Q: 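Structure below; questions to follow.
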Amino acid sequence: MTLSALPLGLPAGALPGGLDTTTRVVDSHTGGQPTRLVVGGGPALYGATMAQRLEEMQHHHDAWRLALVSEPRGHHAMVGALLTEPERPGSQAGVIFFDQQGFLGMCGHGAIGVVASLAHLGKLRPGPLWLDTPVGTVHAEFMLDGSVSLQNVPSYRHLAQVAVTMDGQTFHGDVAWGGNWFFICADHGQALRLEDAGRLASFCDRLREALQAQGVTGADGACVDHVQLTGLAVDRAHSARNFVLNPGLAWDRSPCGTGTSARLACLAADNQLLSGAVWRQESITGSVLEASWQPAETAGQVVVTLVGRAYVTLEGKVVIQQDDPLGWGRSDLRD
Ligand code: PYC
């Protein structure tokens, strides 16, 4: 059938073999790292808490995760965000973040993208809002200049300077929580350059495997699924550069919000950054997140405020054609 042969007025989604879902998405990027926000349709979650809703999504609606963020509709750096009803009185919404590998506790660049996308749709004006996530509530502020300030869940260093052996060499790093678990390593000996992203991703992937093989975990045996290499900033106006490997081989185009939070928790623990001082974290793509910390209620923990900007790139409707063997996505492709 050619387009001109279509009966007049028939929507493309109603093509034979086509399932025109009511799922609507808004895509954005924060410092180059993409977020795909579901703003209508998608799975309905009925649990009373965000933790229950996450479990429901994991066990009953995982197909949606792959359909939304994996190829051919997405790619391995894509992070998805599903809005839910708020869990706590006073919050405006709940949000569950996911990627091609699974689910994220929190996502800094993603939360900034969610706020910018809701503002783009006219659903919020400059001012404060609270978002519930499976690992706690974050406080965001959509600013008049379009930037977003985000007070993350409390961050802390769990282990200091753990030794890990890989390929006969020993590396050291802190294990820290910033909404996800990170191994933060400075003595990696790698040049943090964009042109080396593939090599850096493979280095971090092997380091992560070594951590797991050598029994290095977060609190309560949690898997350390993010690796952050730190180095000197290229731009003198910035405080430091990082390379962050997210779950799988997805390396972060942004400086990673939860990773920057974990880094500040370590800097605070080592008395290397004063409370309230501004840290400008640079990624290997050159994008920047500003961050500062304040003591949290719990001793030894800090609350990190991130400031960044997200830009909307697309508004769309998800189409899953019934006879498309890849309509629900695939997760078995690795670069
Ligand atoms: O910005 O926190 C973040 C993040 C986590 C995974 C991808 N981005």
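Atoms within a ligand are numbered from 1 in the order they appear, just like the ligands themselves. Since the structure is predicted, the reported quantities are computational estimates derived from the model, not experimental observations.
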Q: Please work out which of Leu289, Thr258, Asp252, Asn246 has its closest non-hydrogen atom nearest to atom 2 (O) of ligand 1.
A: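 Considering heavy atoms of Leu289, Thr258, Asp252, Asn246, the nearest to atom 2 (O) of ligand 1 sits in Thr258.
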Q: If you count the atoms of ligand 1 from 1 in the order shown, which ones are under 4.0 Å from a heavy atom of His109?
A: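 Those of ligand 1 that fall under 4.0 Å from His109 are 1 (O), 3 (C), 4 (C), 7 (C), 8 (N).
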Q: Asp132 vs Ser91, test: side chain to side chain donor-acceptor pair (under 3.5 Å). Steps then yes/no.
A: CA-CA 7 Å; Asp132 298 327; Ser91 293; 2.8 Å; yes
Q: Does a donor on one side chain and an acceptor on the other come within less than 3.5 Å for Arg53 and Thr84?
A: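 Yes - a donor-acceptor pair under 3.5 Å links their side chains.
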Q: I want to check a possible cation-pi pair here: Arg208 against Phe183, using under 6.0 Å from ring centre and within 45° of the ring axis as the test.
A: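 That pair does not qualify as a cation-pi contact.
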Q: Distance under 4.0 Å to a non-hydrogen atom of Gly257: what atoms of ligand 1 satisfy this?
A: 1 (O), 2 (O), 3 (C)
Q: Number the atoms of ligand 1 from 1 as they appear, then name those within less than 4.0 Å of a heavy atom of Cys256, with their elements.
A: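 Answer, ordered by atom number: 1 (O), 2 (O), 3 (C), 4 (C), 5 (C).
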Q: Taking all heavy atoms of Ala262 and all of Phe182, pick out the closest pair and write down the distance.
A: CB-CD1, 3.9 Å
Q: After noting the C-alpha distance and the side-chain angles of Arg206 and Asp167, does the key distance pass the salt bridge (Lys or Arg N to Asp or Glu O under 4.0 Å) rule?
A: CA-CA 9 Å; Arg206 287 182 292 120; Asp167 301 339; 2.4 Å; yes
Q: Quick one: look up the protein heavy atom nearest atom 3 (C) of ligand 1 and list residue, atom name and how far away it is.
A: Gly108 N, 3.2 Å
Q: Below the 3.5 angstrom mark, is there an N/O of Val79, backbone or side chain, next to an N/O of ligand 1?
A: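 No, no N or O pair falls under 3.5 Å.
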